[in-house]
Amino acid sequence: MKQKTDIERIFRTHYEKMYNLARCILYDEDECKDVVSDVFAKILTEQFVLLPESEEFYLMRSVKNRCLNILAHKTTKEKVVKLLMDENDNMFLESDNELLDRLMQIIDRLEPPIRKLILKLRYLQEMSYQEIADQEGISKVTVYNHLSQAIDFIRKQLK
């Protein structure tokens, strides 16, 4: 009975922080809820004993690692689609593969070529704005402007 009381207390105390961390990494409500549930399920099934002084650290680290594992297993195309589309867009009327192919064709048509390069460096190679700026010898503001214009162009083409 003590374990049930402990897990309930831990859940009530830490769920919101764990969910918010997952949300910052994954941006998908359902995936975030699944991640937090998985962490609690692991605690229950493996009957971990969490010390009060380290339970928050353990829980947050577990959520972060679980989220990073999920991201690592997604294909590059899925990551780009997720980053470029609003949740409210009703663009998933087509099959996912057709949409992904269309998206990649649109990206290939981006002009000027630096815009396409910056988009690929940012979302496919996951480089930071500063890393891209340093590599290309341009400012972070220029990187931001090209990305913003690229995303606007892609959204317009998809509608």
Side-chain angles (χ1 to χ4, degrees), residues 1-104 106-107 118-135 140-141 143-152 154-155 158-159:
M1 191 66 168
K2 180 167 173 24
Q3 182 186 10
K4 184 177 179 185
T5 306
D6 286 346
I7 198 72
E8 287 173 0
R9 178 193 59 76
I10 292 168
F11 183 86
R12 280 193 308 276
T13 304
H14 299 288
Y15 178 84
E16 189 174 347
K17 287 184 268 184
M18 294 168 68
Y19 174 80
N20 288 337
L21 174 61
R23 187 77 181 178
C24 288
I25 298 171
L26 297 176
Y27 305 108
D28 181 281
E29 271 185 56
D30 293 331
E31 279 182 332
C32 296
K33 289 176 184 174
D34 289 345
V35 164
V36 175
S37 295
D38 289 348
V39 170
F40 280 108
K42 184 175 181 179
I43 292 169
L44 284 172
T45 58
E46 297 183 15
Q47 298 184 356
F48 285 143
V49 176
L50 297 175
L51 301 173
E53 63 271 7
S54 64
E55 70 187 18
E56 182 173 353
F57 175 79
Y58 174 81
L59 294 169
M60 299 304 274
R61 175 63 63 104
S62 296
V63 166
K64 177 184 170 196
N65 289 341
R66 182 88 178 104
C67 290
L68 294 176
N69 286 339
I70 288 171
L71 288 177
H73 287 94
K74 289 185 178 195
T75 67
T76 301
K77 287 182 180 179
E78 288 173 326
K79 284 192 240 180
V80 172
V81 168
K82 198 162 205 74
L83 289 165
L84 292 176
M85 292 194 183
D86 292 330
E87 289 180 21
N88 298 330
D89 288 345
N90 293 323
M91 295 181 201
F92 288 103
L93 300 174
E94 308 171 74
S95 78
D96 286 346
N97 285 338
E98 288 174 12
L99 181 61
L100 292 172
D101 290 341
R102 192 167 145 216
L103 175 62
M104 296 312 281
I106 292 168
I107 290 172
I118 290 171
L119 183 84
K120 288 182 176 183
L121 291 174
R122 176 73 180 127
Y123 294 118
L124 301 182
Q125 295 185 16
E126 299 178 351
M127 292 175 69
S128 71
Y129 289 87
Q130 189 61 57
E131 290 171 330
I132 296 168
D134 292 345
Q135 179 178 316
K140 278 176 47 174
V141 172
V143 171
Y144 175 82
N145 287 336
H146 277 295
L147 284 174
S148 177
Q149 291 170 6
I151 291 169
D152 287 345
I154 292 167
R155 283 190 176 138
L158 287 172
K159 288 190 179 185

Query raised in the report: Taking atom CZ of Arg9 and atom CD1 of Ile7, what is their separation to the nearest 0.5 Å?
Result: 9.0 Å

Query - With sequence neighbours excluded, residues passing salt bridge (charged side-chain N to carboxylate O under 4.0 Å, His left out) with Glu56 - result: Lys17

Report task. Might you work through the side chain to side chain donor-acceptor pair (under 3.5 Å) test for Asn145 and Gln149, ending with a clear yes or no? Result -> CA-CA 6 Å; Asn145 287 336; Gln149 291 170 6; 5.8 Å; no

**Report entry** Atom NZ of Lys64 with >12 non-hydrogen neighbours under 6.0 angstrom
**Finding:** no

Query raised in the report: CD1 of Ile43 to CG of Asp38: how many Å apart, nearest 0.5 Å?
Result: 11.0 Å

Report summary line: Rounded to the nearest 0.5 Å, the CD1 atom of Ile118 sits from the CD atom of Gln135 at a distance of 10.0 Å

Query raised in the report: In chain order, what residues pass the salt bridge (charged side-chain N to carboxylate O under 4.0 Å, His left out) check against Asp34, with sequence neighbours excluded?
Result: none

Requested in this report: Taking all heavy atoms of Arg122 and all of Ser128, pick out the closest pair and write down the distance.
Outcome: NH1-CA, 3.9 Å

Report task. Please indicate whether Tyr15 has more than 12 foreign heavy atoms, meaning atoms of other residues, nucleotides or ligands, lying under 6.0 Å from its OH. Result -> yes

Requested in this report: Using modelled atom types only, decide if a donor and an acceptor are shared between the side chain of Ser148 and the backbone of Tyr144 within a distance under 3.5 Å.
Outcome: no

Query raised in the report: To the nearest 0.5 Å, how far apart are CD in Glu55 and CE in Met60?
Result: 12.0 Å

Query - Distance-minimising heavy-atom pair for Ala133 and Lys140 - result: CB-N, 3.8 Å

Report task. Determine yes or no for a side-chain-to-main-chain donor-acceptor pair under 3.5 angstrom, with Ser54 supplying the side chain and Phe57 the backbone. Result -> no

Report task. Drop me the distance from Met18's CE to Phe11's CZ, to the nearest 0.5 angstrom. Result -> 8.5 Å

Query raised in the report: Does any non-hydrogen side-chain atom of Val63 lie less than 4.5 Å from one of Ile25?
Result: no

Query raised in the report: Which heavy-atom pair separates Tyr129 from Val143 by the least distance, and what is that distance?
Result: CD2-CG1, 3.5 Å

Report task. Answer yes or no: are there more than 12 heavy-atom neighbours, outside Glu53 itself, under 6.0 Å from its atom CD? Result -> yes

Query raised in the report: Could you give the distance from CG (Leu121) to NE2 (His146), rounded to the nearest 0.5 Å?
Result: 12.0 Å

